[in-house]
Amino acid sequence: MKIAIHGADGDFSERWIEYCEKNHIDFQIVDCFDSKIIKTLENCKVLLWHWRWIQPESQIVARQIIASVEKMGILVYPNLDTCWHYDDKIGQKYLLEALGAPLITTDIFYSKEKALEFIKNAHFPKVFKLRCGSASTNVKLAKTRKEAERLCQKSFSSGFKPMGEFFADSKIKIKHTKDMSHFFEKIKRMPKFFIKYYYANRIIPRQIGYIYFQDFLPGNDFDTRITIVGDRAFGLIRHARKDDFRASGSGSVDYDHKKIDKRFLNIAFEITEKIGARTLAFDFLLDAFGEPKICEISYCLPSFRIFESEGYWDKNLVWHPGNYYIEDLIIQDILQELQIKR
Ligand SMILES: Nc1ncnc2c1ncn2[C@@H]1O[C@H](COP(=O)(O)OP(=O)(O)O)[C@@H](O)[C@H]1O
Ligand SMILES: [Mg+2]
C-alpha cells in the first residue's frame, strides 16, 4: 500500500509527510503537475493533494487530474465531489439549489440585457460577488440600482481581476498583527506573497461575462463557519469588520463552541453527505426570520482554525473536546476507507 502526497510549502502535505513517517506508512512525494503523474501513481492506492488558489496552476488542471485518477480506483483527497466547486461560487449556486440546501437567494446572469432587466426590478442593496476569491476580497455591497448597473457594465466589458488587489484591506491586516516581530515577519513575506498574487491574477481567467447577485441579509454582525471533516463538525464565529457587513478575512475569530447554533451543524452534516465531500466548510448567516442560510462552501481552510477550535461534535451532536489536526483526521479517514474497500 502506498500513499502519494503532492508536496508543497505551507500546506497540509507538510504534516501528512510527518504523519506517515511517524506511523511508518509507506508514502511517496509526487508532483501532480508532472506530465507523467498518471504513470507515477500506478502503484499507489491513495493520493493526497491539498490544492488551492495560491497555486493557480491547480485551478487550470486539478479537477481534471483528480477525475482521471479516481478512474484508476485510487482514493483521492480531495475527491471530485469534495472539490469541483472549490473557489467557484457559480458552481456552488447550482449544486446547493439542486440539493435543496438553504442557500441565500442567488441570481446569476450571463447576458448584459438579462442582468439589466433584473436590476430594473430588483430591491437593493444586493451583494455582488465574483465566482472566485477569499477573505471577502471579491464581495461588495451594491447599495443602489445605479451601483449595480455600473458593476454590470464592468462585468460585460473589461471584467475584474480574479484575485482582487494585493493591498486591499491592508489596514485590517496591519491591525491584526500581534507584535512588531510579527509585523516585520509579514513585511519580509510580502514580496513573495505579492508575486503569488500577481501570478494568480495573470493565470486565473479575468472574471467577465457573468454577474452574480445575492440577496443581502442585514444584521449579521458575524458569520458562523462550520467545517465538516468526515463525521466531525468544527465550529467558530467570525466577527464582521468595523462598519462593514463582511466577516470573512476580518481575523476576528471566536472559538467558544457554546455560541454555535446547533441548527447549522445538522444542515452542514446533511449537505456534506449529499455532496459526498470528505471535508467541507460552510459559511452560515441568519435571514430576517432567524433561519439559517448558507452563504458559500469551501473544501479547504487554514489548518490552525481547526486546531484552535476547542473540539468537535459528532453526528449525534455529542461534543468531543480537544485540539485536532485536520491533516491527521483526513489521513485517518482515508486509510479507514481504504481498509473497508479492501
Ligand atoms: N448575502 C449576504 N448577506 C450578508 N452578508 C453576506 C452575504 N454574503 C456574504 N456576506 C458576508 O461577506 C463575507 C464574505 O462573503 P463570502 O461569500 O463568504 O466570500 P469569501 O469567499 O470572500 O469568504 C461573509 O463572511 C459574510 O460575512
Ligand atoms: Mg466565505
Side-chain angles (χ1 to χ4, degrees), residues 52-54 59 83 85-97 101-108 118 122-143 147-148 151 160-166 168-169 172-173 176 197 200-201 204 207 210-228 234-254 259-261 264 268 271 279-302 305:
R52 298 169 297 155
W53 71 265
I54 201 94
Q59 284 286 29
C83 71
H85 38 78
Y86 166 68
D87 204 26
D88 178 8
K89 292 185 177 72
I90 296 184
Q92 292 166 23
K93 166 198 154 69
Y94 298 107
L95 175 62
L96 294 172
E97 283 181 1
L103 171 72
I104 304 171
T105 303
T106 300
D107 294 284
I108 306 182
F118 170 81
H123 291 285
F124 287 89
K126 289 261 185 252
V127 181
F128 165 90
K129 300 184 185 182
L130 297 184
R131 79 186 306 173
C132 55
S134 61
S136 299
T137 32
N138 291 330
V139 175
K140 284 190 178 71
L141 200 60
K143 294 197 194 80
E147 236 175 291
L151 288 165
F160 298 86
K161 278 186 187 170
M163 288 304 149
E165 298 297 338
F166 178 70
D169 280 339
I172 289 173
K173 285 173 197 152
H176 284 282
Y197 249 82
N201 266 330
I204 302 173
Q207 298 300 294
Y210 72 88
I211 190 159
Y212 176 118
F213 288 117
Q214 207 168 56
D215 281 4
F216 174 57
L217 302 187
N220 282 279
D221 299 335
F222 58 86
D223 76 355
T224 302
R225 171 158 272 210
I226 304 296
T227 306
I228 303 294
F234 295 83
L236 54 85
I237 279 169
R238 300 179 302 185
H239 292 281
R241 297 157 165 82
K242 196 169 175 284
D243 303 324
D244 191 334
F245 71 103
R246 301 168 309 161
S248 166
S250 71
S252 173
V253 175
D254 185 345
K259 292 184 183 158
I260 303 291
D261 185 330
F264 298 150
I271 302 302
T279 59
L280 205 58
F282 293 74
D283 293 351
F284 281 105
L285 296 173
L286 294 176
D287 70 9
F289 305 101
E291 290 300 322
K293 293 283 170 190
I294 300 170
C295 155
E296 70 148 347
I297 54 175
S298 172
Y299 97 84
C300 66
L301 71 165
R305 292 282 181 226

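Each ligand, and each atom within it, is numbered from 1 in the order the structure gives. All of these numbers come straight from a predicted model, not from anything done at the bench.
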Legend entry - More than 12 heavy atoms from other groups under 6.0 Å of CZ on Phe222: no
Legend entry - N, O or S atom within Asp283 nearest to the Mg ion (ligand 2), by name: OD2
Inset, instruction - Looking at Glu296, pick out the N, O or S atom nearest to the Mg ion (ligand 2) and give its name. - result: OE2
Inset, instruction - Please answer whether the main-chain N or O of Ser248 pairs with a side-chain N or O of Ser136 as donor and acceptor at a distance below 3.5 Å. - result: yes
Legend entry - Main-chain N/O of Arg131 paired with Asn138 side-chain donor or acceptor, under 3.5 Å: no
Contact table ligand 1 N or O to protein N or O, d under 3.5 Å:
unit_1	atom_1	unit_2	atom_2	d
ligand 1	1 (N)	Gln214	OE1	3.1
ligand 1	1 (N)	Asp215	O	2.8
ligand 1	3 (N)	Leu217	N	3.0
ligand 1	8 (N)	Lys129	NZ	3.0
ligand 1	8 (N)	Gln214	OE1	3.4
ligand 1	17 (O)	Lys129	NZ	2.7
ligand 1	18 (O)	Asp283	OD2	3.0
ligand 1	18 (O)	Glu296	OE2	3.1
ligand 1	21 (O)	Lys89	NZ	2.7
ligand 1	21 (O)	Gly133	O	3.2
ligand 1	21 (O)	Glu296	OE1	3.3
ligand 1	21 (O)	Glu296	OE2	3.0
ligand 1	22 (O)	Ala135	N	3.4
ligand 1	22 (O)	Ser136	N	2.6
ligand 1	23 (O)	Ser248	OG	2.7
ligand 1	23 (O)	Glu296	OE2	3.0
ligand 1	25 (O)	Asp223	OD2	2.7
ligand 1	25 (O)	Ser248	N	3.0
ligand 1	27 (O)	Phe245	O	3.4
ligand 1	27 (O)	Ala247	N	2.9

Inset, instruction - Spell out, as yes or no, whether a donor-acceptor pair under 3.5 Å connects the side chain of Thr279 to the backbone of Tyr299. - result: yes
Inset, instruction - Please answer whether the main-chain N or O of Asp254 pairs with a side-chain N or O of Arg238 as donor and acceptor at a distance below 3.5 Å. - result: no
Inset, instruction - Side-chain contact test, heavy atoms from C-beta onward, threshold under 4.5 Å: evaluate it for Phe264 versus Leu286 and give yes or no. - result: yes
Inset, instruction - Would you confirm whether Asp107, through its side chain, and Phe213, through its main-chain N or O, come within 3.5 Å as a donor-acceptor pair? - result: no
